[in-house]
Each structure stands twice: as C-alpha cells, then as structure tokens.
Chemist: 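Quick one: structure below, then a few questions.
The basis for the numbers below is simple: all heavy atoms, side chains too, and nothing from hydrogens, waters or symmetry mates. Worth saying up front: this structure is predicted, and the values here are computed from it rather than measured.
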Amino acid sequence: MRIQLPIVSVNNDSHHGGRAALTCRFRCGDACFHEVPNTTTNPYVGDVIADALSRRTVMRAAAVVTAATAVGASATVAAPKASAAESAAATAAPSTRHASRGARGLRFEPVAPNTADTVTVPDGYAQNVVIRWGEPILRGAPAFDPENQTAESQSKQFGYNNDFLALLPLPGERNRQILVANHEYTDEVLMFRGYDAANPTKQQVEVAWAAHGLTAVVVEGDRRSGKLTPVPRHPLNRRVTATSEFKVTGPAAGSDLLKTSADPTGTKVLGTLNNCSGGVTPWGTTLHGEENFNQYFANATRVTDKRYGLGTGATERKWERFDKRFDVAQEPNEPHRFGFVVELDPYDPTAKPRKRTALGRFKHEGATVRLTDDGRPVVYSGDDERFDYFYKFIGSKRMKKGSSRAVREHNLSLLDEGTLYVAKLTGDSPAIEIDGTGKLPADGEFDGSGEWIPLATATAKGAVSHVEGMSAEEVFVFTRLAGDKVGATKMDRPEDIEPNPHTGKVYVALTNNSNRGVGSNAKADEANPRNANKHGQILELTERWNRADSKKFAWTLFLVAGDPSDPATYFAGFPKDDVSPISCPDNVAFDSHGNLWISTDGNALGNHDGLFGVATRGDRRGELKQFLTMPNGAETCGPVIQDRRVLVAVQHPGEIDGATAEKPLSAWPDGAGKINRPAVVAVWRKDGCDIGV
C-alpha cells in the first residue's frame with residue numbers, strides 16, 4: 001500500500017517506474033509530475049522500437065540482418081496471455097539447471113524476484129557491507145553519530161546515497177584498490193530526526209552539502225574471500241563535496257554564461273551536485289555525470305531554465321535560504337555551471353576536479369569512454385529525461401601511454417578538444433506503413449540506421465558551432481536546445497551507455513516512459529516502443545565499420561523489459577520461459593566474458609530492484625538471469641563486475657512513502673529501528689572461484 005505524502009501526488013507515470021514519491025521528491029525534484037521539458041516535435045525512439053517489437057512477435061524464429069551490419073535478431077511467435085497462475089510461475093526463479101549451464105560468467109542459479117528486506121544473492125555466494133554512509137575515511141573523522149551530525153564530520157566521512165562505483169588498481173599495495181563512489185543526492189527526511197521540510201536548519205543544510213559529491217577510499221581485499229574493507233586515513237582517501245572547488249575547462253570556460261558574482265572569471269565552481277553514474281577512462285581517471293541539478297535552484301523564469309526543468313518557486317531543500325547561488329533570481333548563471341561531466345584523478349588527492357564543458361551540459365546519467373583505432377577518446381552519454389537525447393563526443397587528441405607527469409597532464413586535457421554529436425535514428429519503412437498498431441510493414445523486417453549529428457567543435461584556438469542560430473558557447477551550455485534544433489531523436493529516458501569491450505557494440509539503457517503515446521505525445525514511427533512504457537528497454541548500436549569515430553550506425557532491439565509472459569517483451573530471441581523478469585534497466589556494465597550486467601531502478605513488476613546478467617552473443621544471446629535483489633525501498637546502483645567479485649551500491653534503502661528517520665521502513669543494513677544507511681556491498685563465490693563459471 002502506498003502512503004501518499006501531502007506535498008506530492010503519486011501515480012503510475014512515475015519518472016522512476018514503481019518508485020516511491022519520497023524518492024521523486026529528493027532525487028529528481030518530482031520531475032515526473034512536471035511538464036516534460038522537451039516540447040519539440042522531434043521523433044520518439046520508443047515508438048520505433050515498440051513497432052519493431054510488435055512485428056517481431058508475429059514472426060517465427062528467424063534472423064533479421066540489416067544491410068548496414070551483421071547484427072542478427074531472432075524471435076519466436078508470441079505466446080497467448082498467461083493466466084494468473086502462469087504469470088506467478090513466470091516470476092519465479094528459472095530452474096536450478098541454470099546454475100550448471102548458461103553463458104560463461106552467468107552459470108549461477110538465478111535469484112527469484114522477491115520483496116525481502118535484504119540483499120539476496122544466489123546459493124553458494126557470500127556478501128559483506130564494504131562501507132556505509134558516515135563511516136570515517138579521513139584523518140580526524142569521528143565515528144558516525146546520527147544524533148550529532150556536522151558538516152565538518154560529514155566532509156571526512158563516506159557520503160550519502162552512493163551511486164556510480166569504480167575500482168581502480170593500486171600498484172605497489174597488494175590486495176588493495178581505490179574505490180570511487182558518487183553520492184547522488186540527500187534525503188533529509190531519512191537523515192535527520194525531527195526534520196522539518198518547511199524549515200530546515202543551517203546545520204542540516206550544511207551536512208547535506210557535505211554528504212553530496214564524490215568519495216575516493218582505498219579498500220583492501222581478503223585473500224581468502226571477496227570481502228572488501230576500507231582503509232581509513234589512507235593518503236589517497238578523499239571527499240569532494242558541494243562546496244569543494246572545481247576547475248572549469250574546455251570551450252565554455254570563461255564564458256559570460258558561466259560568470260557569477262563569486263566567480264567573475266567563469267572558470268571555477270563550488271561543488272558538484274546529483275552525480276549519478278559515470279565511467280573510468282583508459283588513462284586512469286574517473287568521470288561523473290551531474291544529473292538532476294535543476295532541483296537545487298529556486299526562482300527560475302527563463303525559457304532556457306524551463307528547458308532544463310528548473311522550477312519557478314522555492315526548492316524542496318530550501319538551500320537558497322542559506323546561499324544565494326541557489327537563487328536564480330540573484331545568481332542567474334549559477335545553474336549554467338552544473339549539468340556537466342566531472343573528471344577526477346583518484347591518484348592525486350590534491351588535484352582539483354574538472355568540469356568538462358566540451359561534453360555538453362544536460363542531465364548526464366554518466367559518461368563512458370572507448371578509444372578510436374588511433375587512440376582518441378570517444379565518450380557516450382545519455383540525458384536522463386523523458387523524450388531527451390543521447391550524445392557522443394569524439395576527441396581530437398590522442399592518448400599517450402606512460403605514467404610520467406607530462407603524460408598524465410597531456411591525458412588530462414583529452415576531453416577539452418573534439419566534436420560533440422547527438423544521435424538521430426531512422427527506420428527503413430515508409431511512414432505510411434507505421435500506424436502505431438505494430439502492424440508489420442511491407443519489408444517484413446525491423447531494423448534501422450542512425451547518424452551522429454555534429455553540434456560544435458572545440459579546438460585549442462577556439463570553438464565552432466554547427467547549429468544555426470547558436471554560438472559555440474551556447475551549444476556547450478544549452479546543449480538540449482542544440483539537440484532540439486538539429487532534430488535529434490527523442491528517447492525513453494536514456495541512462496547508462498556502455499560499449500562492449502569484446503565486440504564494440506554499444507548498449508543504451510532506456511529506463512521507462514509511461515507518457516509514451518499518452519495525450520498529446522507523438523505516436524509511433526519506426527525508430528521510436530510500447531505506449532505507456534513503464535518497463536523500459538535496451539538498444540544495441542553498431543557503429544559503421546565498428547569504428548568508434550564513425551558518424552553512422554545501425555541499431556536494433558536487444559531487450560524489451562517486463563514480465564516474460566507478456567507478449568510485448570523481448571529477450572534478443574532467447575526463449576522467454578528461460579529468463580528472469582526485469583523492469584526499468586538503469587546502469588549497465590560488462591564482465592570479462594562480454595556479458596552485459598544490468599541494474600534496475602523502479603521495478604514496476606511489484607518486486608524489489610536487482611542486478612541481472614545477460615549474454616550478448618553466441619547461442620545463449622538474450623539469456624537473462626537475476627543475480628541479486630535489493631532491500632526495502634532501495635535501488636541497485638554501481639555495478640562493478642570483476643572476475644571474482646561483484647560490487648553494487650545499495651542506494652536509498654528504506655526510502656518508502658511515509659518513512660522517516662524516527663520511523664524507518666527497512667531494517668537494512670544495521671537492524672530494526674536503526675537509521676537507514678546507504679552502503680556498498682561486495683558479493684563473491686564461497687568456494688573462491690570466478691563468478692558464474
């Protein structure tokens with residue numbers, strides 16, 4: 001039963017699928033209850049996929065091969081709608097025979113969908129909590145005390161609501177690695193006893209500032225298991241918060257659009273906000289996407305602010321009462337300094353993090369990197385908003401190998417020069433044949449192509465716009481508007497985007513969009529899936545000639561999420577009675593075998609969120625198996641997939657409508673009645689062997 005909070009309404013069109021209203025309040029500022037920021041008539045990619053899915057379900061198992069790529073997709077005839085008993089059976093874990101067979105890396109017994117208030121892992125696996133919110137990591141940090149929180153303490157402790165995770169090698173220190181984590185947002189209702197949302201105190205606000213940001217902490221592995229524990233006071237340990245100083249780099253650095261009264265140079269920013277997912281670069285740094293930054297700024301009135309979802313009144317957290325930079329009426333350019341990708345050097349705790357303006361400004365879910373054949377970086381990033389776009393940046397400078405200071409400084413400049421592109425997808429059938437019913441077009445195939453449309457190019461000598469009517473600075477600061485102007489394809493909340501290191505194919509997680517086909521929203525076209533899409537899907541893109549710097553690509557449907565008994569779901573042609581149900585794919589990662597691992601956010605099937613692995617090639621392509629599930633109210637984040645260890649971030653446990661710090665609705669991780677603490681969890685095989693082999 002949902003307990004409705006008085007200040008918001010709850011409906012099935014939630015921005016986060018089945019997510020609680022409490023999460024909507026604090027993570028994205030109730031984005032799903034506001035007007036969609038993108039009001040252009042650009043096409044919708046979900047409609048195209050839905051149409052394609054409908055066509056596939058009426059075709060017998062047959063490969064569909066596009067002229068542009070060798071990507072195949074087989075399918076079976078859709079089964080009749082299952083009875084209630086059959087549907088219940090479909091949500092149970094597949095047979096234990098899966099534990100001994102399946103794609104290499106996925107040979108474990110799937111966890112059954114459930115609502116248990118714990119992290120549930122497969123039989124034969126063990127787990128430990130690596131680090132919790134508030135654990136001390138820097139010298140002088142006190143032990144966590146929920147009754148006596150201060151900004152000074154929190155700035156030396158592990159932050160709140162861990163999201164993106166990375167594990168980097170630490171040469172010279174055996175069994176140790178550097179764990180880097182994003183701290184996306186704070187939920188003050190669950191953090192502070194007696195919290196008054198209408199009148200937060202200065203101390204509570206300052207603690208929240210310190211709980212945002214990033215953490216780098218050295219962790220040590222147990223030689224006999226996959227257990228990880230933090231190493232407090234290690235010299236590489238670091239906290240970056242909402243008040244830390246950042247360097248602005250790239251084509252928008254110094255722009256009049258970024259100048260404020262506190263920073264008339266437009267080159268330095270205090271803090272990073274709402275860091276969601278991210279990526280690890282080949283040169284050993286980490287990237288962090290600033291996502292729902294709009295919710296922190298009050299009293300916005302401009303058209304550009306509206307396109308980014310900024311509100312016209314007070315904010316939920318009321319930060320504008322304590323720092324004028326969060327009041328757009330007083331500091332109109334401050335919001336322009338957020339919504340970028342942040343680059344952090346975990347090996348240098350004295351280096352200022354950098355905001356990379358050449359990657360564009362929007363609600364970055366994350367940023368992932370691959371190299372071109374000649375060593376230039378290519379960065380993929382999704383704009384996590386209903387009906388917004390996904391992007392690619394192609395750098396112009398080559399990465400250098402080595403560890404000298406000169407090499408490192410060179411590599412730290414790679415993301416400042418290059419061209420930013422946005423994706424446009426098209427189908428291969430006449431528009432008249434796509435009527436929104438899923439009727440098979442005359443060519444009997446579902447496939448499509450796409451192109452990367454250039455927006456602006458940054459060089460050492462300056463930047464050039466490729467968008468009519470916009471300067472280069474405007475493109476990099478108002479990237480959404482640039483995408484609107486060039487006719488980019490609208491997506492169903494593009495989140496994490498990951499290239500497969502084995503095949504080069506690129507996978508795009510589209511979490512959900514219940515507004516698809518509702519009201520005045522556009523109907524189907526061939527590049528865009530299901531109406532009222534509450535479960536999401538994953539696209540598979542193949543760059544032309546499999547070159548990262550190609551300007552053309554082919555695309556196909558890889559997975560359409562939901563209950564496998566639903567004819568509208570699709571698992572790359574794999575038999576649907578042999579897969580786990582999945583809803584709302586969010587973050588994705590690859591293991592060393594080339595399997596795609598998917599974490600979910602807002603399971604709309606009535607079960608808790610989880611982590612899933614799916615084969616992307618071979619005769620088991622599309623076989624999807626659930627590896628773990630979350631406690632009450634929690635979202636699966638991270639993840640990191642190593643040969644002998646899986647790492648996940650358990651974000652916002654207990655974040656359920658009606659929960660407070662005085663009345664927690666989850667007992668995880670410290671027991672009943674204890675304040676809920678987001679945490680990182682490690683999972684490994686009890687016998688010490690590799691995961692899923």
Side-chain angles (χ1 to χ4, degrees), residues 17 44-53 56 69 71-75 103 106 277 365-366 368 380-384 390 423 425 446-448 450 489 491-500 502-513 516 527-530 533-542 553-564 566 568-574 576 579-591 594-605 609-617 620-627 636 639 641:
Y44 294 75
V45 77
D47 298 332
V48 176
I49 300 170
D51 174 66
L53 175 64
R56 281 182 170 176
T69 177
V71 176
S74 59
L106 300 177
S277 191
E365 168 70 16
T368 54
Y380 296 94
S381 191
D383 186 349
D384 185 8
F390 67 95
L425 285 71
F446 170 63
D447 52 16
T489 303
M491 310 292 286
D492 282 355
R493 289 188 55 212
E495 300 240 16
D496 209 359
I497 304 175
E498 292 276 349
N500 188 325
H502 290 264
T503 66
K505 297 182 187 300
V506 180
Y507 293 80
V508 183
L510 303 166
T511 294
N512 56 45
N513 185 353
R516 170 71 55 211
N528 286 289
R530 296 164 295 191
N533 178 20
K534 60 183 179 179
H535 297 301
Q537 65 271 352
I538 291 180
L539 289 178
E540 182 182 67
L541 276 64
T542 304
F553 59 86
W555 59 272
T556 188
L557 181 66
F558 177 69
L559 183 153
V560 173
D563 188 330
D566 183 347
T569 58
Y570 179 76
F571 296 83
F574 196 81
K576 295 201 294 182
V579 299
S580 298
I582 183 173
S583 177
C584 301
D586 190 339
N587 299 143
V588 292
F590 282 95
D591 62 23
N595 300 310
L596 182 68
W597 289 69
I598 308 163
S599 63
T600 64
D601 171 17
N603 190 323
L605 292 171
D609 280 321
L611 178 67
F612 302 75
V614 58
T616 61
R617 53 184 178 167
R620 310 205 75 82
R621 173 178 159 89
E623 181 181 30
L624 182 136
K625 303 170 75 172
Q626 184 157 10
F627 183 75
T636 323
I641 315 299

Chemist: To the nearest 0.5 Å, how far apart are CZ in Arg620 and CG in Asn595?
Modeler: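 It is 11.5 Å, given to the nearest 0.5 Å.
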Chemist: Kindly say whether Leu596 contributes a backbone atom to a donor-acceptor pair with the side chain of Thr616 at under 3.5 angstrom?
Modeler: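 Not a single qualifying donor-acceptor pair exists.
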Chemist: Find out whether Arg617 and Thr503 are in side-chain contact, i.e. whether some heavy atom of one side chain is under 4.5 Å from a heavy atom of the other.
Modeler: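 Yes, at least one pair of side-chain atoms sits under 4.5 Å.
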Chemist: As an exercise, state the distance from CG of Asp383 to CE of Met491, rounded to the nearest 0.5 Å.
Modeler: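 That separation rounds to 11.0 Å.
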Chemist: Which heavy-atom pair separates Leu106 from Ala615 by the least distance, and what is that distance?
Modeler: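 For Leu106 and Ala615, the tightest heavy-atom pair comes out as CD1-N, 3.5 Å.
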Chemist: Could you work out, with side-chain contact (heavy atoms from CB on, under 4.5 Å) as the rule, every residue matching Ala423, not counting sequence neighbours?
Modeler: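 By the side-chain contact (heavy atoms from CB on, under 4.5 Å) rule, Ala423 matches Phe390, Leu425, Trp452, Phe553.
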Chemist: Can you tell me if Lys534 uses its side chain to pair, donor with acceptor, with the backbone of Ser583 under 3.5 Å?
Modeler: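 Such a contact is absent between Lys534 side chain and Ser583 backbone.
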Chemist: When rounded to the nearest 0.5 angstrom, what is the spacing between CG in Asp591 and NE2 in His502?
Modeler: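 Result: 7.0 Å between the selected atoms.
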Chemist: Could you walk me through whether Phe574 and Leu624 pass the side-chain contact (heavy atoms from CB on, under 4.5 Å) test, one step at a time?
Modeler: CA-CA 9 Å; Phe574 196 81; Leu624 182 136; over 6 Å; no
Chemist: Which pair of heavy atoms, one from Asp563 and one from Leu605, lies closest together, and at what distance?
Modeler: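 Closest approach of Asp563 to Leu605: N-CD2, 3.8 Å.
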Chemist: Please tell me if the side chains of Leu510 and Asn533 come closer than 4.5 Å, counting only heavy atoms from C-beta onward.
Modeler: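 With C-beta onward as the side chain, the pair stays apart.
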Chemist: Of all heavy-atom pairs between Pro585 and His535, which one has the smallest distance, and what is that distance?
Modeler: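 Closest approach of Pro585 to His535, heavy atoms only: CD-O, 3.3 Å.
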Chemist: Kindly give the heavy-atom pair with the smallest separation between Gly622 and Ala572, and that separation in Å.
Modeler: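 So the minimum-distance heavy-atom pair works out to CA-CB, 3.7 Å.
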Chemist: Write down the atom of Ala589, the atom of Ile641, and the distance for their closest heavy-atom approach.
Modeler: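 The answer is CB-CG1, 4.3 Å.
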Chemist: Under the criterion ring-ring contact (aromatic ring centres under 6.0 Å, His included), which of Trp597, Trp555, Phe590 is the partner of Tyr507?
Modeler: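 Result for ring-ring contact (aromatic ring centres under 6.0 Å, His included) with Tyr507: Phe590.
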Chemist: Checking Phe571 now: which residues fulfil ring-ring contact (aromatic ring centres under 6.0 Å, His included) with it, not counting sequence neighbours?
Modeler: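 For Phe571 there are no ring-ring contact (aromatic ring centres under 6.0 Å, His included) partners, ignoring immediate neighbours.
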Chemist: Would you say the side chains of Asn587 and Glu365 form a donor-acceptor pair under 3.5 Å?
Modeler: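 Indeed, the side chains of Asn587 and Glu365 share at least one donor-acceptor pair under 3.5 Å.
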Chemist: Does the side chain of Ser580 pick up a donor-acceptor pair with the side chain of Lys625 at under 3.5 Å?
Modeler: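 Absent: no donor and acceptor within the cut-off.
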Chemist: Any side-chain to backbone donor/acceptor pair from Thr368 onto Ile497? Under 3.5 Å, distance only.
Modeler: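 Present.
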Chemist: Verify whether one side chain among Thr511 and Asp586 offers a donor that lies under 3.5 Å from an acceptor in the other.
Modeler: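 Per modelled atom types, Thr511 and Asp586 side chains form no pair under 3.5 Å.
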Chemist: Rounded to the nearest 0.5 Å, what separation is found between the OG1 atom of Thr636 and the CG atom of Leu611?
Modeler: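 Between atom OG1 of Thr636 and atom CG of Leu611 there are 6.5 Å.
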Chemist: Could you tell me whether the side chain of Asp384 and the main chain of Glu495 form a donor-acceptor pair under 3.5 Å?
Modeler: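 No, the answer is negative, given that no donor and acceptor are paired below the 3.5 Å cut-off.
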Chemist: Which residue, Asp492, Asn512, Leu559, Thr569, forms the side-chain contact (heavy atoms from CB on, under 4.5 Å) with Gln537?
Modeler: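 Going through Asp492, Asn512, Leu559, Thr569 one by one, the side-chain contact (heavy atoms from CB on, under 4.5 Å) with Gln537 is satisfied by Asp492 alone.
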Chemist: Is there side-chain contact between Cys584 and Asn603, with at least one heavy-atom pair below 4.5 Å?
Modeler: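 No; the side chains remain at least 4.5 Å from each other.
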Chemist: Report the residues that fulfil salt bridge (charged side-chain N to carboxylate O under 4.0 Å, His left out) with Asp496, sequence neighbours left out, ordered by chain and then residue number.
Modeler: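 Salt bridge (charged side-chain N to carboxylate O under 4.0 Å, His left out) check on Asp496 returns nothing, list empty.
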